[in-house]
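Notes to accompany the following structure.
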Amino acid sequence: MNLPIVDMHCDMLSFLATVPGANPFAPDQIACAIPLLTKGNVRMQVMAIYTDVRPESTNLAIKQATIFQNLLKENTDVLGYAGQEFLKNWENQSQIGIIASVENATGFGNEQASWKEIHTQFDKLLDQVGKFAYISLTHHTENRFGGGNYADGIGLKDDGKRLLDHIAGKQIPIDLSHTSDLLAEGILNHIDLQKLDIPVIASHSNFRFIWNHRRNLTDEFAKEIAHRGGIIGVNFLRAFLDTDVPERLFDHLLHGFAIGAEKSVCFGADFFYTGNFPDQSRIPFYFPLAENAGKYLSILDHLETDLDKNQLKDLAYGNALNFYRKLWS
Ligand SMILES: [Zn+2]
């Protein structure tokens with residue numbers, strides 16, 4: 001099955017920003033290395049500007065945005081900018097389109113930053129990368145904006161509301177992949193109460209119905225995203241699929257179709273640099289069947305008995321492409 005692929009999340013930028021000697025073309029260094037994206041027929045790859053909650057988060061975000069700019073500048077033979085024009089001429093593209101997102105709003109402002117500083121940083125980053133494919137308020141932990149996946153009981157804070165108000169109407173989706181349940185609820189409620197124009201997605205999340213993990217979406221949130229016309233990128237990490245059963249990946253992908261999210265489900269593989277990860281229980285991070293970006297097409301082949309041609313197209317690229325074409329037209 002040779003379809004173009006859209007993938008909603010990888011951590012190439014933080015890899016290049018933080019690992020000495022990091023090479024975006026080295027498949028033995030990172031599972032989303034550019035030759036692997038080519039092998040997997042990836043036509044559009046979202047690259048996250050990832051920071052955790054630290055005083056230096058804003059500098060690290062700028063560094064990653066600069067790396068994003070340089071990747072485009074220095075690799076015009078393989079990489080293109082996945083903006084409006086790229087999506088419009090999708091059928092004729094031979095490059096891999098890349099676009100940046102912000103994973104953790106602490107990249108806009110650390111815990112001490114003033115709102116003037118946050119707005120300046122927001123504009124600076126946006127100016128560097130052109131568009132944000134999405135913004136996630138948090139990562140696993142709590143920050144000034146709200147509670148992350150592992151911050152149970154921490155919802156949307158006043159600063160989180162203020163940031164949502166700021167991004168409304170700017171064609172920037174909000175990402176629920178790293179929210180606590182209470183934060184996800186708070187975001188949805190605030191958007192509705194204030195009638196904010198903010199699309200809602202989950203860029204790299206699986207389904208809690210299939211594997212009970214706080215990083216995975218409840219069916220309630222998944223259906224809400226689908227109902228609002230958002231997208232859900234299924235994650236390839238073993239920890240979020242089922243730590244023992246590789247084929248559970250297919251169950252997650254099919255669950256999206258089963259609950260009425262057939263126009264939302266897409267890929268959000270979440271390949272990152274695993275060489276310095278502290279938690280040894282996470283090894284291997286990926287099952288062989290989904291161990292790198294060269295595997296998308298064989299994953300689609302495996303689903304041929306369960307999904308028809310149009311469904312496979314929707315999953316491979318159609319749903320994500322439609323979402324961004326509509327958003328940025
Ligand atoms: Zn993530």
Side-chain angles (χ1 to χ4, degrees), residues 6-19 30-32 45-54 57 60-61 64-65 67-68 98-108 125 129 132-143 145-152 154 160 172-181 183-184 187 200-208 211 213-218 221-222 225 230-241 243 249 252 265-279 282-283 285-286 290-293 320:
V6 178
D7 183 81
M8 291 296 297
H9 192 92
C10 79
D11 290 290
M12 175 67 91
L13 300 178
S14 66
F15 161 66
L16 295 174
T18 60
V19 178
I30 189 159
C32 57
Q45 176 68 60
V46 181
M47 297 188 173
I49 294 172
Y50 166 75
T51 53
D52 53 9
V53 186
R54 284 174 208 243
S57 62
L60 186 57
Q64 292 179 53
I67 287 170
F68 177 82
I98 62 171
I99 191 91
S101 66
V102 175
E103 186 177 33
N104 204 344
T106 197
F108 296 129
L125 282 174
V129 302
F132 296 139
Y134 51 85
I135 291 171
S136 171
L137 292 186
T138 51
H139 193 242
H140 291 153
T141 61
E142 174 183 358
N143 64 20
F145 305 104
N149 306 108
Y150 304 149
D152 281 340
I154 311 284
I172 303 171
I174 191 82
D175 184 15
L176 301 187
S177 281
H178 280 294
T179 60
S180 67
D181 287 352
L183 176 56
I187 288 171
V200 181
I201 71 166
S203 64
H204 55 306
S205 284
N206 296 338
F207 299 101
R208 216 175 285 181
W211 181 246
H213 193 292
R214 283 183 290 180
R215 260 295 270 110
N216 292 344
L217 295 168
T218 64
F221 286 130
I225 290 168
I231 46 178
I232 300 169
V234 168
N235 190 303
F236 291 3
L237 277 160
R238 185 175 68 97
F240 311 142
L241 290 173
T243 47
L249 170 60
H252 284 285
V265 64
C266 57
F267 290 123
D270 201 4
F271 292 123
F272 60 85
Y273 177 70
T274 58
N276 56 3
F277 207 82
D279 181 359
R282 291 283 297 273
I283 297 171
F285 285 86
Y286 308 95
E291 66 188 347
N292 62 50

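Order of listing sets the numbers, starting from 1, for every ligand and every atom in it.
Nearest heavy-atom pair across G146 and I154 is C-CG2, 3.9 Å. Between R54 and D52, the shortest heavy-atom contact is NE-OD1, 2.8 Å.
No side-chain donor-acceptor contact under 3.5 Å links H9 and Y50.
Not one N or O on the side chain of W211 forms a donor-acceptor pair closer than 3.5 Å with the backbone of T243.
Among S136, S101, S203, the one residue that satisfies the side-chain hydrogen bond (donor to acceptor under 3.5 Å, both in side chains) test with D175 is S203.
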Using a 3.5 Å cut-off and no angle test, enumerate the donor-acceptor pairs between side-chain atoms of residues 266-277 and protein atoms at least two apart in sequence or in another chain.
{"unit_1": "D270", "atom_1": "OD2", "unit_2": "N235", "atom_2": "ND2", "d": "3.0"}

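Counting only protein N, O or S atoms closer than 2.8 Å to the Zn ion (ligand 1) gives 3.
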